[in-house]
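Inspection log for the structure reproduced underneath, given as structure tokens.
Chain identifiers are assigned alphabetically (A, B, ...) following the order of the sequence lines, protein sequences preceding nucleic acid strands; residue numbering begins at 1 within each chain.
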There are 2 protein chains.
Amino acid sequence: MPTIRDVSQLAKVSQATVSRVLNGTAPVSRSKREAVLAAIERLAYQPNTFARSLATNRSHAIGALVSELSSAAYGDIVRGIESVIEERGMHLVVSSGHARSDVELSSFEFLKERRTDALILQIDATDDDDLVEWVRKSDLPVMIVGRLIHAIEERCVYLDNVTGGAIATRHLLERGHRRIAHIAGLKRLADARDRLTGYRRALAEADVAYDESLVAEGGFIEDGGYRAMEELLERGAGFTAVFASNDQSAAGALKALRQAGLRVPDDVSLVGFDDLFIAHYLHPALTTVRQPFAEMGQAAARLALMSLGIDEEKEVTRRFEPVLMERDSVAAR
Amino acid sequence: MPTIRDVSQLAKVSQATVSRVLNGTAPVSRSKREAVLAAIERLAYQPNTFARSLATNRSHAIGALVSELSSAAYGDIVRGIESVIEERGMHLVVSSGHARSDVELSSFEFLKERRTDALILQIDATDDDDLVEWVRKSDLPVMIVGRLIHAIEERCVYLDNVTGGAIATRHLLERGHRRIAHIAGLKRLADARDRLTGYRRALAEADVAYDESLVAEGGFIEDGGYRAMEELLERGAGFTAVFASNDQSAAGALKALRQAGLRVPDDVSLVGFDDLFIAHYLHPALTTVRQPFAEMGQAAARLALMSLGIDEEKEVTRRFEPVLMERDSVAAR
DNA sequence: ACTCTCTCTGAAACCGCTTTCAGACATTGT
DNA sequence: ACAATGTCTGAAAGCGGTTTCAGAGAGAGT
């Protein structure tokens, strides 16, 4: 592998000059610049990243820690991050936390060892206080995506989940539904709590009393949604619509409804949340609240680049607004 | 940040000794080792990756180039890779090719610049010959996953797609179907051609004549599957079952069948391929041929580690066998 | 007691780049 | 013509590890 020395000798200049034309850090006369470029070309020289990083103490890479790489949602976030940083010639190092706080911690430490220039976290299991601690103690910029933590709000990119929950619920209210069930996510998760809050807020706005028996916890998974729906049906609470706190639990709920002989949307209307890939594929296609994962990943990456002083971007959106995606799972009552 | 010098001074030994206890590259007396470990602990010392890489010319990272990070299938591959290499303390650098050969090439070059220790490619657009060239010219180990290229077979981890196509088709034959349509992938892709070959082979085994009018090209996307199914219906070729070459095109086909007023599986049986996430979520749940993406990613990673001499693994499976996943989209005729 | 191993150890070179610093040269102003 | 300024340039000192090499000391064998 040719080194900068080889280039400098071939071009009959010093290594410093080669470095300067490579990085544009100082003016170089036209003739020397051309000689250097020719030599680089000729030798097919590629600077050694390791040496460069050692000298500059910059890795030109960003680390991303996500819950699960193979999930459509988190994959979109990663894709968003990637698109932004590759544009700046930076690489992306990934690791996943598998929704377990111990794994999240060790992955976090693991990524820090690599000394990426910044870190973007999308994790669920670690609680707010710990996360704040991590961010505070880190000597590199850390951004949080998909979650709002007030103490470090300026480092968070998040969706307005309260509004999202309200949008979903309002949509059902507007279609004439009054008995609206809710399949909630785990109370531990702020996202889930916020969506529930939005649900209650929309109900209150419409003067519909909040009825606890219409709410069941399903978690954010299909199976949980299935069981929550079974429970709601057993309770005999009598509802005409359901707002599931994410698309996966909506899919589970759909399955349970179908097994109970109820048709969607004819007998029961259903709204999901997230607008994952699967929302299209379900039958009926799921009306849901869209969360722009890729854009959120991009925003997080931009913020990271900004705190590195690489990006001079004017303003980056940190708070994203949910949008209702109307499909076929809601009928007017 | 403390350096190895700080550690050596605090422990009253040379840097060489610290390095030795860090890497276990040479025996160190018990007393010194303990002094060193204590100093490391005390200073919270973390070796500088850049310096280490520069000295050893190893990055302790593996690069993965995948078609699309946000796809469930490719995400699973990445997850498989990650699980294996993190176990060995190595990091994963990712980039995506977006199914465009120019992007694939530039991403490939981009990853090489980073000097990861090995590269794992899962890409569609670049053709076999170019890929062979890339692998041959690279000075680092390159593995291919999800694709078989005979010239570099030993670097490929792949599914036996011919058998897969045959399994799907045989399943329909066994259920009494004789007029079996096929929604093919793009002829450009070996995977697609192989699945078609498997389809024809199974038909031949059962003495069912191959009928060209029962085959339509749908590509590996939902929309393509939808249109291919429309075309098949228009042709009026009269079939009782369909083998779609992947789950996405099966989903599209399902939609078209439903719009045509045909019920699955009562009127038409349907088999997909890949066993993506969505196969569960479709209604009826899709019977499909499973491709073990995560395991294939793991295998590719193991092979990479083996060619780096890191892993002493005995034997790694490179050829994976497809498995039929029976669900609800097939009925006996 | 003396050599011969064997086990540890530290000094120093090296990995390939960036950056400082001082100086060479050309240009400008007076 | 001379000083003052500005533009380029190269030597050399890092960056923080690993590894070679030679040597010190301990134990074994005669």
Side-chain angles (χ1 to χ4, degrees), chain A residues 1-37 39-40 43-61 89 91 112-117 139-140 309-310, chain B residues 1-37 39-40 43-61 89 91 112-117 139-140 309-310:
Chain A
M1 279 258 130
T3 71
I4 201 172
R5 277 207 60 174
D6 302 323
V7 174
S8 70
Q9 288 174 352
L10 183 59
K12 301 205 199 315
V13 298
S14 70
Q15 298 184 27
T17 299
V18 177
S19 172
R20 289 193 264 255
V21 344
L22 238 30
N23 303 301
T25 44
V28 172
S29 71
R30 189 191 172 86
S31 62
K32 301 221 174 199
R33 183 201 324 288
E34 280 168 2
V36 167
L37 292 173
I40 287 176
L43 297 172
Y45 167 73
Q46 276 194 337
N48 182 314
T49 332
F50 307 146
R52 193 194 285 247
S53 288
L54 178 57
T56 58
N57 199 31
R58 302 277 256 85
S59 67
H60 293 276
H91 288 267
K112 282 205 298 189
E113 274 171 34
R114 168 107 307 195
R115 305 199 185 205
T116 53
D117 297 335
D139 37 5
L140 50 88
I310 292 174
Chain B
M1 278 257 135
T3 73
I4 201 171
R5 276 207 62 175
D6 302 324
V7 174
S8 69
Q9 288 174 351
L10 183 59
K12 300 205 199 317
V13 300
S14 69
Q15 299 182 26
T17 300
V18 177
S19 172
R20 290 193 264 256
V21 344
L22 238 30
N23 304 300
T25 44
V28 171
S29 71
R30 187 191 174 85
S31 62
K32 302 220 173 203
R33 182 201 325 288
E34 280 169 0
V36 167
L37 291 174
I40 287 176
L43 297 172
Y45 167 73
Q46 276 194 336
N48 181 314
T49 333
F50 307 145
R52 194 194 286 245
S53 288
L54 177 58
T56 58
N57 200 30
R58 303 279 254 85
S59 67
H60 294 277
H91 287 267
K112 282 206 298 189
E113 273 171 34
R114 168 109 303 195
R115 308 204 181 201
T116 52
D117 296 335
D139 38 6
L140 72 163
I310 292 174

Once you apply a heavy-atom cut-off of 4.0 Å, does [X] come out as touching a base, just sugar-phosphate, or nothing?
{"X": "Ser19(A)", "result": "base"}
{"X": "Val28(A)", "result": "sugar-phosphate"}
{"X": "Asn23(A)", "result": "sugar-phosphate"}
{"X": "Val13(A)", "result": "sugar-phosphate"}

Who passes side chain to side chain donor-acceptor pair (under 3.5 Å) against [X], sequence neighbours left out?
{"X": "Arg52(B)", "result": "Asn23(B)"}
{"X": "Thr116(A)", "result": "none"}
{"X": "Thr49(B)", "result": "none"}
{"X": "Arg58(B)", "result": "Asp117(B)"}

Subject >> Side chains of His91(A) and His60(A) in contact at under 4.5 Å (non-hydrogen atoms) >> reply: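 Not touching, per the 4.5 Å side-chain cut-off.
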Subject >> Qualifying residues under salt bridge (charged side-chain N to carboxylate O under 4.0 Å, His left out), relative to Glu113(A), sequence neighbours excluded >> reply: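 Listed in chain order: nothing, the list is empty.
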Original post:
Along DNA chain C, 5' to 3', what are the outermost nucleotides having an atom less than 4.0 Å from a heavy atom of chain B?
Top reply: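 The footprint of chain B covers dC8(C) to dG16(C).
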How many Å lie between [atom1] on [X] and [atom2] on [N], as a whole number?
{"X": "Arg30(A)", "N": "dC8(D)", "atom1": "CZ", "atom2": "P", "result": "13 Å"}
{"X": "Arg33(A)", "N": "dC8(D)", "atom1": "CZ", "atom2": "P", "result": "9 Å"}
{"X": "Asp6(B)", "N": "dG16(D)", "atom1": "CG", "atom2": "P", "result": "9 Å"}

Protein-nucleotides 11-15 of chain D N/O pairs closer than 3.5 Å?
none

**OP:** Mark yes or no for whether Ser53(B), through its side chain, and Phe50(A), through its backbone, hold a donor-acceptor pair below 3.5 Å.
**Re:**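 Here the side-chain-to-backbone pair does not exist.
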Subject >> Expected output: side-chain Arg33(A) to main-chain Val28(A) donor-acceptor under 3.5 Å >> reply: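 Yes.
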Subject >> salt bridge (charged side-chain N to carboxylate O under 4.0 Å, His left out) partners of residues 6-17 of chain A, not counting sequence neighbours, each pair once >> reply: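 Sorted result for residues 6-17 of chain A: empty, none.
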Original post:
Where each residue is assigned the nucleotide of DNA chain C containing its nearest heavy atom, which of Pro27(B) and Thr25(A) is assigned the position nearer the 5′ end?
Top reply: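 It is Pro27(B), whose closest nucleotide lies nearer the 5' terminus.
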**OP:** For side chain to side chain contact (heavy atoms under 4.5 Å, CB included), just list the numbers for Leu10(B) and Tyr45(B), CA-CA rounded to whole Å, side-chain angles, deciding distance to a tenth of an Å, and then say yes or no.
**Re:** CA-CA 12 Å; Leu10(B) 183 59; Tyr45(B) 167 73; over 6 Å; no
**OP:** Enter the inter-axis angle for the ends of the helix from dA1(C)-dT30(D) to dT30(C)-dA1(D) (five pairs per end, rounded to 10°).
**Re:**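 Here the local axes at opposite ends form an angle of 40°.
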**OP:** Could you list the residues that satisfy side-chain contact (heavy atoms from CB on, under 4.5 Å) with Ala11(A), not counting sequence neighbours?
**Re:**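 Checked Ala11(A) against side-chain contact (heavy atoms from CB on, under 4.5 Å); matches are Val13(A), Ala35(A), Val36(A), Ala39(A).
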